[in-house]
Participant: 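So that we are looking at the same thing, I have put the structure below in structure tokens.
Proteins come first, then strands; the chains are lettered A, B, ... in the order of their sequence lines, and each starts at number 1.
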Amino acid sequence: MTPSRPEAIVIGASAGALEALSVILPSLPADFRAPIIVVVHIPPDKKSVLAELFRARCRIQVIEVEDKEPLKPATAYFAPPDYHLLVEDTGTLGLTYEEPVLFSRPSIDVLFESAADVYGSEVAAILLTGANEDGARGLAAVAKAGGRVIVQDPETAFAAAMPEAGLKFCPNAEVLSLDGISEYLRRFD
Amino acid sequence: MIETFEKVEDIEIRLLLEALYVRYHYDFRNYAMGSIKRRLRQACEQMGFATISALQEKVLHDETMLPRLLGYLTVQVSEMFRDPSYFRAIREKVVPHLKTYSSLKIWIAGCSCGEEVYSLAILFREEGLEDRTIFYATDINQQALQAAEAGVYDLDRIRLFTENHRKSGGKSSLSDYYNAGYGRVSFDRSLRERVVFSDHSLVTDAVFGEMHLISCRNVMIYFDRPLQDRAVGLFKDSLARKGFLGIGAKESLRFSEHAEGFKEFVREDKIYQRVGI
């Protein structure tokens, strides 16, 4: 049985993010319905090229978020460098310049926790490769709200610390390879 | 389905914000909820309250709690010449227009601890505009305003400030403007001779003068959409004909009901110009 489609997908990644997202995002069809909201740890002082890069490779729309960006289907939203990205309500994204969380701004925890608050059980959170523990608490918040939680198989991750921390906080998370995650998402449509 | 009943925490937040408004006239009721929620959770955790209701009881009965809570609710993070390219654009593209006026009013709205006030005062001095300018530096947080007026910053931040100033096209050395000692730097009092610091709320207060440049960066990101519209409307009504509005690097007037009152002047640095009057 295909599970019902969540209202939004949130993804967090750090070291190795580019390669991991390169497996997932380009695999999604142009009419993929849920918005995909992505936090990748990036240096604060540089212009991010992530959105540009994926725009050229994806069939869905790809944009770097500006404050109060409306959420649309079939679109991937990247956090800009040096701002936290939050889901403001079911239709809007917001940015803040609060203190870094676990040395990170944007922070995956901040995105995931806001998504848990706004969407409750109607969100899927995916924690990918990374070398620190950002995202683990957020993943637990999504699980607590009844949302779906997926962790990249640490064995297949470029950096295992982040998915391992995710599993520590969320032992019942689904563990999938990158291809498995792509397939999982495509099943929603 | 998303739950249709309101969560208890959401009710508590709404009531606390109402209490703050009725008791102290601080109006956070239209602040962006995601961020307010985070900071209230932080406040409860760090000040040892089990619930937001418990925090509300304390803040209603004990006014010494107010400044502490305001410290959580207003985000005071900035740096001098933050986003150097913004200041470079002001210098290279806005200043030539400002030079055609014999007197200038500049409004730094949400000035926090004053980093941007001193940045603009230095830029205007470097460009020979300081003597004809009055700067209005406003914020709702009294402690932040006092810090802004004092102009004292930790020494370990000065390397970043200096680097930013250089990248912004600074024509002097930042060290010309401060004295260092005891791990702190103190900015030259002459820089604030032409600055009026004052308590002003973008939520509840009105237009107070005709401005040539308004700089309000990373302030409106904490507002919800309707409140952003109010603030941008206030800026629109405050600007002289062809006056300038600078906002944060990741803010946009695209989503504002007043978008048609402005044109993009320097698109990549989020500097707009008032049109249509």
Participant: Would you find more than 12 non-hydrogen atoms of other residues, nucleotides or ligands less than 6.0 Å from B:Gln46 atom CD?
Facilitator: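 Yes, because the 6.0 Å sphere around CD of B:Gln46 holds more than 12 heavy atoms from other groups.
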Participant: Where does A:Val101 contact chain B at under 4.5 Å (heavy atoms): side chain, backbone, both or neither?
Facilitator: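 Side chain of A:Val101 only, per the 4.5 Å heavy-atom cut-off to chain B.
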Participant: Of the backbone (N, CA, C, O) and the side chain (C-beta and beyond), which part of B:Arg41 lies under 4.5 Å from a heavy atom of chain A, both, or neither?
Facilitator: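 Contact with chain A: side chain only.
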Participant: Looking at A:Asp117 and B:Arg38, is there a salt bridge between them, counting it only when a charged N and a carboxylate O are closer than 4.0 Å?
Facilitator: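 So B:Arg38 does not pair with A:Asp117 through a salt bridge.
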Participant: Is it true that atom CZ of A:Phe158 has more than 12 heavy atoms of other residues, nucleotides or ligands lying nearer than 6.0 Å?
Facilitator: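 At most 12 heavy atoms, drawn from other residues, nucleotides or ligands, come within 6.0 Å of this atom.
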Participant: Would you give the length of the straight line joining atom CD1 of B:Ile36 to atom OG1 of A:Thr96, rounded to the nearest 0.5 angstrom?
Facilitator: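 If I round to the nearest 0.5 Å, the distance is 11.0 Å.
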Participant: On a heavy-atom basis, which atom in A:Tyr97 and which in B:Ile221 lie closest, and how many Å separate them?
Facilitator: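 Looking at all heavy atoms of both residues, the closest pair is N-CD1, 3.9 Å.
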Participant: Using salt bridge (Lys or Arg N to Asp or Glu O under 4.0 Å), reason through A:Glu69 and B:Arg254 one step at a time and then give a plain yes or no.
Facilitator: CA-CA 9 Å; A:Glu69 194 87 51; B:Arg254 273 189 297 151; 3.5 Å; yes
Participant: Using a strict 4.0 Å threshold on nitrogen-to-oxygen distance, state whether A:Glu66 and B:Lys270 make a salt bridge.
Facilitator: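 Salt bridge flag = yes for B:Lys270 with A:Glu66.
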Participant: So which of A:Gly146, A:Ser114, A:Pro70, A:Gly94 has the largest heavy-atom pair count under 4.5 angstrom toward chain B?
Facilitator: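 The candidate making the most pairs under 4.5 Å is A:Pro70.
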Participant: Identify the heavy atoms of B:Ser35 and A:Glu98 that sit nearest to each other, and give their distance.
Facilitator: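 Distance-wise, the nearest heavy atoms are OG-OE2, 2.8 Å.
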Participant: For chain A, which of B:Gln228, B:Met33, B:Arg225 has the most heavy-atom pairs under 4.5 Å?
Facilitator: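 With the most close heavy-atom pairs to chain A, the winner is B:Gln228.
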Participant: Any side-chain heavy-atom pair from A:Asp67 and B:Met220 closer than 4.5 angstrom?
Facilitator: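 No. Closest side-chain heavy atoms not under 4.5 Å.
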Participant: Does CZ belonging to B:Arg230 count more than 12 external heavy atoms closer than 6.0 Å?
Facilitator: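 Check passes, neighbour count above 12.
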Participant: Checking heavy atoms, do the side chain of A:Leu86, its backbone, both or neither come under 4.5 Å from chain B?
Facilitator: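 Contact with chain B involves the side chain of A:Leu86 alone.
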Participant: May I ask you to decide whether A:Glu64 forms a salt bridge with B:Lys250, counting only side-chain N to carboxylate O separations under 4.0 Å?
Facilitator: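 The answer is yes: the pair qualifies as a salt bridge.
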Participant: Are any side-chain N or O atoms of A:Lys68 and backbone N or O atoms of B:Ser252, one a donor and one an acceptor, separated by less than 3.5 Å?
Facilitator: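 No, the answer is negative, given that no donor and acceptor are paired below the 3.5 Å cut-off.
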Participant: Given a strict heavy-atom distance threshold of 4.5 Å, which part of B:Tyr72 is in contact with chain A: side chain, backbone, both, or neither?
Facilitator: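 When you check distances to chain A, no heavy atom of B:Tyr72 falls under 4.5 Å.
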Participant: Less than 4.0 angstrom from a charged side-chain N to a carboxylate O is my criterion; do B:Arg39 and A:Glu99 meet it?
Facilitator: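 Between A:Glu99 and B:Arg39 there is no salt bridge, as every charged N stays at least 4.0 Å from the carboxylate O atoms.
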